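Before anything else, here's the structure in question.
Predicted model only: the values in this text are computed from it and were never measured. Start at 1 with the first residue, then count along the sequence.
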Amino acid sequence: MNRIYWDLDKISMLTDSMDASSHSHGMMQFFVCLKDSLNIKVKGKKIETSCILVNKNIKHSFNTENQICFTSVIEPVSSFGIALNTLLGDKDYYIPGENQTVRIRTCLAPMIENFSKESYEKLMTAISECLGWNQSKNSLDDRIVKLLDMLAHCSCDDHSIEEYADKLCLSPSRLSHLFSEEVGIPLKKYLSLHQLERAFENILKGESITDAAMEADFDSPSHFAFTVKKMMGLPARNTVKNSEFLKVY
């Protein structure tokens, strides 16, 4: 099992086949297993827990050992990421309490049979609240809704902020500020996630990694692989192997 859930500010996986050697990346990463303890090491030290949040740029390794686990890489400059920065401070990791872990696991179990946006949102609500962040869902500015729609249907031949700002009759700086204010993540970061999303969609439709990377406006397949490793902490080929893909925003 390898299910990818693609959100605005995070990329999540429900998997029983992940084997990530020691690495670090610029995203925070949350792990929880359904039954037993996680096989996870932080800075080479085995951590005995079934639920953990690892800080950005901290070396860690992880192996599912054929048990079902959920993991999410979280953009640290998103609204959620900023809240987690407050929780983590300068610590390498944070382990939720027993009651919090039980609640998260309870929401995780239905996801095995139900590969849907609804089951994902229920789990993420539980994780967010257990980590001390209550997300408020407000209506987006019409211009941001239009931008997200343009990106959803774009040809990926030009992802410049200037191009989209011109189409929306805004200055690039105003569009960037508005997007960050409304969505909770910098527009430049979101555009990188959008490119990754488009490449993954094409790969999971049967295209080669090379073709998918170029169609998503990456400079080269190696640029795509580097971005996947930097943002998800896994080699591109391992990430897409036998995977299912779902947009959840």
Side-chain angles (χ1 to χ4, degrees), residues 1-5 7 9-76 78-137 184 232-234 246 248:
M1 176 188 293
N2 196 28
R3 296 173 177 170
I4 300 173
Y5 301 82
D7 211 338
D9 60 350
K10 62 187 76 71
I11 307 165
S12 305
M13 296 175 69
L14 183 68
T15 180
D16 60 2
S17 57
M18 181 184 290
D19 183 7
S21 57
S22 183
H23 67 284
S24 63
H25 48 82
M27 307 277 272
M28 300 169 176
Q29 190 157 8
F30 179 82
F31 299 88
V32 61
C33 65
L34 188 58
K35 295 182 179 179
D36 302 320
S37 294
L38 293 162
N39 181 21
I40 188 167
K41 292 182 179 180
V42 179
K43 290 185 173 178
K45 178 184 177 182
K46 171 74 173 178
I47 308 297
E48 295 294 338
T49 184
S50 57
C51 188
I52 189 171
L53 172 68
V54 179
N55 212 341
K56 58 186 179 298
N57 301 319
I58 297 297
K59 281 196 171 184
H60 57 283
S61 60
F62 176 71
N63 191 311
T64 56
E65 295 187 318
N66 296 317
Q67 71 165 320
I68 296 174
C69 300
F70 177 86
T71 181
S72 184
V73 287
I74 303 158
E75 174 54 59
S78 66
S79 298
F80 188 26
I82 291 170
L84 297 183
N85 272 320
T86 302
L87 177 68
L88 282 162
D90 59 358
K91 295 181 291 188
D92 293 340
Y93 59 87
Y94 171 82
I95 297 176
E98 183 177 349
N99 290 339
Q100 295 167 311
T101 300
V102 169
R103 181 185 173 192
I104 292 169
R105 278 177 154 179
T106 299
C107 294
L108 174 60
M111 294 179 69
I112 298 171
E113 302 298 331
N114 186 8
F115 184 38
S116 69
K117 177 181 177 180
E118 290 72 24
S119 63
Y120 166 83
E121 287 181 337
K122 186 173 181 179
L123 175 64
M124 289 311 305
T125 296
I127 292 172
S128 299
E129 292 178 355
C130 287
L131 296 179
W133 184 66
N134 293 315
Q135 182 181 14
S136 58
K137 294 186 177 180
M232 300 181 68
L234 292 169
L246 181 67
V248 289

Closest non-hydrogen atoms of C107 and P110, given as atom of the first, atom of the second and distance, are O-CD, 3.3 Å
Sorted by chain and number, sequence neighbours left out, side-chain hydrogen bond (donor to acceptor under 3.5 Å, both in side chains) with N114 holds for S116
Going by heavy atoms in the side chains, are I4 and M13 under 4.5 Å from each other? yes
What side-chain hydrogen bond (donor to acceptor under 3.5 Å, both in side chains) pairs are there with at least one residue in residues 61-72, not counting sequence neighbours? S12-S72, D19-N63, Q29-T71, N39-E65
What pairs meet the side-chain hydrogen bond (donor to acceptor under 3.5 Å, both in side chains) rule with one or both residues in residues 88-101, with sequence neighbours excluded? K43-D92
From CG (L34) to CG (L14), nearest 0.5 Å: 8.5 Å
Determine the minimum heavy-atom distance between I68 and M1, stating which atoms define it. CD1-CE, 4.4 Å
Any chance NZ of K46 has more than 12 other-residue heavy atoms, nucleotides or ligands included, within less than 6.0 Å? yes
Please, which pairs that meet ring-ring contact (aromatic ring centres under 6.0 Å, His included) have at least one residue in residues 103-128, sequence neighbours excluded? Y5-F115, Y5-Y120
Salt bridge (Lys or Arg N to Asp or Glu O under 4.0 Å) involving R105 - partner list, sequence neighbours excluded: none
Value for CG (L53) from CE (M28), rounded to nearest 0.5 Å, stands at 7.0 Å
Side chain of H25, backbone of K56: donor and acceptor closer than 3.5 Å? no
Student check: side-chain heavy atoms of F70 and I104 closer than 4.5 Å: no
Main chain of E129, side chain of R103: is a donor-acceptor contact present, judged purely on distance under 3.5 Å? no
Does P76 offer a backbone N or O that forms a donor-acceptor pair with the side chain of N85 under 3.5 Å? yes
Sequence neighbours left out, what pairs pass salt bridge (charged side-chain N to carboxylate O under 4.0 Å, His left out) with at least one residue falling in residues 30-42? none
Please find the pair of heavy atoms, one from I52 and one from I47, that lie closest to each other, and give the distance. CD1-CG2, 3.9 Å
Is there a side-chain contact between P96 and C130 (heavy atoms, below 4.5 Å)? no
